[in-house]
2 protein chains.
Amino acid sequence: MSNTDELLSIRAAELYYEENQTQDEIGVILRLTRWKVGRLLASAKANGFIRIEIVHPRARRLPIERRLRESTGLTDAIVVSSAGVSTDAELQSRTAQAAADYLTSLRPIPRTLGISWGRTLHDVSLHLKQGWAPGVNVVQINGGVSLNQRTGTAASTAVTIAHKADGSATLLPSPAIFERLETKQAMETDRTVAGVLALARNAQAFLFSAGQADANSALVDSGYLTVEQINELVARGAVGDVVGRYIDQHGCIVDPELNERTVGIQIDQLRRAPLTIAVISGRTKHTIARAVVRNGLCTVLVTDEDTANALLQEKDTP
Amino acid sequence: MSNTDELLSIRAAELYYEENQTQDEIGVILRLTRWKVGRLLASAKANGFIRIEIVHPRARRLPIERRLRESTGLTDAIVVSSAGVSTDAELQSRTAQAAADYLTSLRPIPRTLGISWGRTLHDVSLHLKQGWAPGVNVVQINGGVSLNQRTGTAASTAVTIAHKADGSATLLPSPAIFERLETKQAMETDRTVAGVLALARNAQAFLFSAGQADANSALVDSGYLTVEQINELVARGAVGDVVGRYIDQHGCIVDPELNERTVGIQIDQLRRAPLTIAVISGRTKHTIARAVVRNGLCTVLVTDEDTANALLQEKDTP
DNA sequence: GGAATTATTGCTCATGTGAGCAGACACGGA
DNA sequence: TCCGTGTCTGCTCACATGAGCAATAATTCC
């Protein structure tokens, strides 16, 4: 298109979108036929000069969702808009809200829902509405922060989700990681614990988040790992953790010995499950999100626009 | 509007604006009549959830221009969009381009055009296209940086504007500010200088910018004023300079003695002229822009979206 | 509880707009 | 010069959409 046509298309767009003029009226102003105006507006759109944004905390980006589904083979992708967001916390809150929405609209409603724990899932639990489902049995799928801690987030997350669904919560009464393998194995032979783990393995749906591999990890906060241990894991290729287990960019367990001492369902069990919902959001989680999606650790991804775009860029330039 | 309707309006907007679905189709998806969908979309717009931006260096903001005209009594206002701009320099370039466009489209074409000098006007001169007007006599209206300096911006600005209009430039061969009043008065009695000044006073149109009152002022750069002098002026209420003369927020000369030693047309002559085009852009120039507009120093303002909004805010909360 | 008022819904109709097409035009090669 | 090729323009027609208006539902007030 000629340079002067480009300018005209901008003038037309101003009158059309900002002044709500009809193409006819614009034609009179710019001394063009209304068809020419229509074509100019179309070209302005085609050239990407017209940007339409939906500015709302609940806004999603359907085109990005579609592209994500197509390029990754995800069953479903939920991408929240980051338009007008200033802080990462706000973005994560939006994502949690979207995850809550997704859970609520999920059909068929899962009878048992396996969940991990963390800030993100806690956020999701808070965004769910009372009565979001008619009775769901929520099962913890990995060891939690603690049973005795008053507002042990792990337990409270599960209980809240279950309570709001008028259902029940089955907690996994175990630390996330044992120091000694023997203790962990002994624990697993306990009938109660074994029962919970069996229930977890057979959950109809899984909901989990992922943590980036750095000093801010929830596992460090909770005291299960030291910053040194994390650095060691990173040095060995770890990009983050899923249900308490550290994986590299190929989705492989980074430290098998550590993995053995970790309580909860295995990565492979997650990989085989038919409905696994990952909620991952924030600038720092782009790499772990990529690892999760690329290696089929989830069938549904709930994330933010920026993370989604990062995933798509990966695909475009391999 | 109810909360659930608000959410629905967002869902509808996603399908309408991002997926290009028809309101009919959206109705089917959301189980609504197409009229309801139409209303939801209208409400989304009314609530400001839909943001349409024209992203182009030449894009203007017509609604803001109109509001500016209405609230300030300007004959004309040109406001360039700041969408997608990262640096102040880029914004100033856009503004200069818009000023060049405005000059080019000006009817009737002024036979004599009085101009000041500075980075901004130099920028304008560069953006003008060869043959932008059929012969214009460009006259300098205030003393310039120098005659002997190779690319003396002041002279080159005037010459460029005139040359591109196939016209002539009349330079004012004088410093901006004299140290002694007597020297300045002697200079003004010179027939050549007096002639130029008379021509300047009677110009059909004026084009000028304005400088903020701080150490970065062009008058400091050129050595006419020291940083200390500027600070003194600021202490006395100066917000910036117009054609080399420092004014306060009420448009009054801050230092009459200094003003007397300044060569060029008076502020009042500018105020009385029927067509005075001010080109002012950038974050640092909000206050001087306000002083210029509020005190009727220009009849036409060319500026950027942010500056314009700052002006409008002023008006809304007095 | 019933009447009055207001908000919401479904609809008709006029208008605005994009797809598709035929003719006009510009350009380049024989 | 002529003819083919591709682009652009003006137009018809079908569809999408907003304005306006009854009918209905919800709410408020007595």
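Just so you know, these numbers come straight off a predicted model, no measurement behind them. Order of the sequence lines sets the chain letters (A, B, ...), proteins ahead of strands, with each chain counted from 1. The analysis underlying the following values was restricted to heavy atoms, covering all of them including side chains, and did not include hydrogens, waters or symmetry mates.
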Taking all atoms of both residues into account, what is the closest heavy-atom pair of B/Val279 and B/Ser209, and its distance? O-OG, 2.7 Å
From B/Glu65 atom CD to B/Leu301 atom CG, the distance as rounded to the nearest 0.5 Å: 10.0 Å
Pairing of B/Glu14 and B/Arg11 as salt bridge, 4.0 angstrom limit: yes
Enumerate the residue pairs fulfilling salt bridge (Lys or Arg N to Asp or Glu O under 4.0 Å) with a member in residues 94-104 of chain A, sequence neighbours excluded, ordered by first and then second residue. A/Arg58-A/Asp101
Taken to the nearest whole Å, CG/B/Leu32 to C1'/C/dT8 is 13 Å
Donor on one side chain, acceptor on other, B/Asp304 and B/Thr95, under 3.5 Å: no
Rounded to the nearest Å, what distance is computed from the CG atom of residue A/Asp5 to the C1' atom of nucleotide D/dT9? 12 Å
My understanding is that only residues two or more places apart in sequence, or in another chain, count here; which of them pass salt bridge (Lys or Arg N to Asp or Glu O under 4.0 Å) with B/Lys36? B/Asp5
Between CG of B/Leu15 and C1' of D/dA16 the distance, given in whole Å, is 16 Å
Contact list (N/O, under 3.5 angstrom) for nucleotides 15-22 of chain C vs protein:
residue, atom, partner, partner atom, Å
C/dT17, OP1, A/Tyr16, OH, 2.9
C/dT17, OP2, A/Thr22, OG1, 2.8
C/dT17, OP2, A/Gln23, N, 2.9
C/dG18, OP2, A/Gln23, NE2, 2.7

Please state how far atom NZ in B/Lys36 lies from atom P in C/dC11, giving the value in whole angstrom units. 15 Å
